[in-house]
Amino acid sequence: MKNILIGVSGGIAAYKVANIISKLKKKGYNIKVIMTENATKIITPLTLETLSRNRVYVDMWDKNPHFEVEHISLADWADVILIAPATYNIVGKVANGIADDMLTTVISACKKPVYFALAMNVNMYENPILKENIKKLKEYGYRFIEADEGFLACNISAKGRLKDEDEIVDILEHDNLYRNNILAKKRLLITAGRTEEAIDPVRYLSNRSSGQMGYALAKSAIKLGADVILISGPTNLKKPLGVSEFIQVKTAQEMYDECMKRFPNIDIVIACAAVADYKPKYYSNEKIKKKEGELMIILDRNPDILLEMGKRKKEQILIGFAAETENLLDNAIVKLKRKNLDMIIANNAENMQKNTNEIFIIKADGLIKEVPEKSKEELAYDILINI
Ligand code: C5P
């Protein structure tokens, strides 16, 4: 998503679109704006022209210096259209096939995703005609950003307020980044879950890792176009749809062997598994019987998969995780250097079993980005687009 076409219709919230344009511009998107005639009574085209650094379109019949069929070239140029605010009127027009101005004509000629960020008086918002129009448009693939509840221009607090500008930008980015295929043709190896190190036929040493983060990374990477090999320790999760290889292992040694076999042909490794650092030195073929007094289990070191990859790496990008209970950033940076990584994700070990997490993305060049608490699916996304 590079080119965003913003359609502004004539609701009081039109003044807020200046903020949306400014936020999107700061993020590096190209913006063009079409306003309805009514919207120009609320905010001037000059404001939006200055913020978008492009000419604002209002009138279909303006002199066209390029001799292009302008409504078609704008529809082609856009990767996505955002109508903010979207009034009762514009939803009604598009739902009924009316194209009587520049904005509705461009929408009707556009095959890209179109978002309506709704904003209007609560009675209009609750009008069943609007609901029917939205239902119809949704069936044709149009997307809607619901209004929030809040103080409305008509002096009451109710549903109808344009969604917060930051949230609109987030929704647009989150939905549409997937279209970028930024990981197309990349071969990714992801390790996930815990390992189990057997003591005897019924007992093992392990940890609390659920595998959710690694599986979320695999799913998101597939959506971004990557070819994903998932090497997983035991979890309760289902094989993600679309992985090109799904290898289930139990022990750290098995995970090590499977990783090393594939490592030379991989572009990016994300080591998300909580690999046991130690394993029992002696495996008892029989179940260990209980006796009086203490029982000693001698532990041996497991191979460090990521450390070994760091030694062998040529062109590969290596990403590790640091789950810590103290000195989060310092410990993560030490690990990043010791294991020769390109990036490390630092997080609090207590979040291992939760559905959400908050992380720091730390890169080898010193860049540190804090990502506040989000679902692991959303975090997967943040991690992948930062590679
Ligand atoms: O040094 P520490 O084990 O805390 O480092 C964590 C990172 O190293 C994680 O990315 C984990 O997947 C990886 N790791 C590994 N092999 C091990 C232990 C950890 O690949 N034996």
Side-chain angles (χ1 to χ4, degrees), residues 188-198 204-218 221 228-235 237 247-264 266-281 299-313 316-353 357 359-364 368 371 376 379-380 382-384 386-387:
L188 246 81
L189 189 156
I190 299 177
T191 69
R194 57 183 186 269
T195 65
E196 291 178 357
E197 312 294 334
Y204 58 81
L205 292 177
S206 192
N207 58 62
R208 299 186 197 281
S209 170
S210 66
Q212 286 181 82
M213 189 70 240
Y215 279 58
L217 280 161
V228 175
I229 300 175
L230 179 61
I231 302 184
S232 174
T235 71
L237 306 171
I247 301 138
Q248 289 173 290
V249 296
K250 276 226 166 82
T251 66
Q253 187 63 50
E254 286 166 14
M255 190 175 272
Y256 176 90
D257 294 340
E258 297 295 344
C259 285
M260 290 312 153
K261 258 192 252 169
R262 291 164 181 83
F263 185 60
I266 293 293
D267 300 306
I268 302 168
V269 175
I270 309 183
C272 192
V275 186
D277 293 326
Y278 294 92
K279 63 178 175 203
K281 189 173 172 93
L299 301 178
D300 227 359
R301 277 299 304 265
N302 262 328
D304 190 318
I305 306 166
L306 196 52
L307 183 79
E308 187 54 35
M309 288 181 187
K311 288 183 194 156
R312 296 187 191 187
K313 98 167 171 191
Q316 292 95 336
I317 296 174
L318 287 190
I319 301 165
F321 274 73
E324 304 289 338
T325 53
E326 56 183 343
N327 301 333
L328 185 55
L329 285 182
D330 291 345
N331 284 335
I333 292 167
V334 168
K335 247 174 233 183
L336 173 105
K337 292 192 176 140
R338 191 168 60 83
K339 301 198 185 197
N340 191 19
L341 307 182
D342 300 279
M343 188 162 123
I344 193 156
I345 315 302
N347 67 121
N348 194 317
E350 284 165 16
N351 295 337
M352 253 187 177
Q353 284 180 302
N357 201 352
I359 59 170
F360 289 92
I361 299 175
I362 307 169
K363 288 197 163 185
I368 300 182
V371 188
K376 290 187 175 170
L379 287 175
D382 282 291
I383 294 167
L384 293 169
N386 272 290
I387 294 177

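Both counts, for ligands and for their atoms, begin at 1 and track the order of listing.
For the side chain to side chain contact (heavy atoms under 4.5 Å, CB included) test, residues two or more places apart in sequence or in another chain that qualify with Leu328 are Glu324, Ala346, Phe360. With sequence neighbours excluded, the residues satisfying side chain to side chain contact (heavy atoms under 4.5 Å, CB included) with Asn340 are Lys313.
The distance from ligand 1 to the heavy atoms of Arg338 drops below 4.0 Å at these ligand atoms: 1 (O). Of all the atoms in ligand 1, the ones that sit under 4.0 Å from a non-hydrogen atom of Lys335 are 1 (O), 2 (P), 4 (O), 5 (O). Taking every non-hydrogen atom of Asp277 and a distance limit under 4.0 Å, the qualifying atoms of ligand 1 come out as 3 (O), 18 (C).
Although no hydrogens or angles enter the test, the distance criterion places a donor-acceptor pair under 3.5 Å between the side chain of Lys363 and the main chain of Asn386. Under the 3.5 Å distance criterion, the side-chain polar atoms of Asn207 are left unmatched by any main-chain donor or acceptor of Ala276.
In this structure, the side chains of Leu379 and Met213 come closer than 4.5 Å at one or more pairs of heavy atoms.
Looking only at heavy atoms of the protein, atom 16 (N) of ligand 1 is closest to Ile305 N, 3.0 Å. With respect to atom 5 (O) of ligand 1, the closest heavy atom belonging to the protein is Lys339 NZ, 2.9 Å. Nearest protein heavy-atom neighbour of atom 7 (C) of ligand 1: Phe321 O, 3.1 Å.
Neither the backbone nor the side chain of Asn302 has a heavy atom within less than 4.0 Å of ligand 1.
Within the structure, ligand 1 lacks Met255 among the residues with a heavy atom less than 4.0 angstrom away. Heavy atoms of Ala252 stay at 4.0 angstrom or farther from ligand 1. Between Ala323 and ligand 1 there is no heavy-atom distance shorter than 4.0 Å. Contact analysis leaves Glu308 out of contact with ligand 1, as no non-hydrogen atom separation drops below 4.0 angstrom.
Note on Lys250 versus Glu254: no salt bridge recorded, every NZ/NE/NH1/NH2 to OD/OE distance being 4.0 Å or above.
No hydrogens or angles considered: nothing links the side chains of Tyr204 and Thr251 as a donor-acceptor pair under 3.5 Å.
With Ala322, Ala274, Ala192, Ala271 as candidates, the residue nearest to atom 10 (O) of ligand 1 on a non-hydrogen basis is Ala271. Of the candidates Val334, Asp304, Val269, Asp304 brings a heavy atom nearest to atom 14 (N) of ligand 1. In this comparison of Ala273, Ala349, Pro303, Gly320, the heavy atom closest to atom 11 (C) of ligand 1 sits on Ala273.
A side-chain hydrogen bond (donor to acceptor under 3.5 Å, both in side chains) with Asp304 holds for exactly one of Arg338, Lys339, Lys311; it is Lys339.
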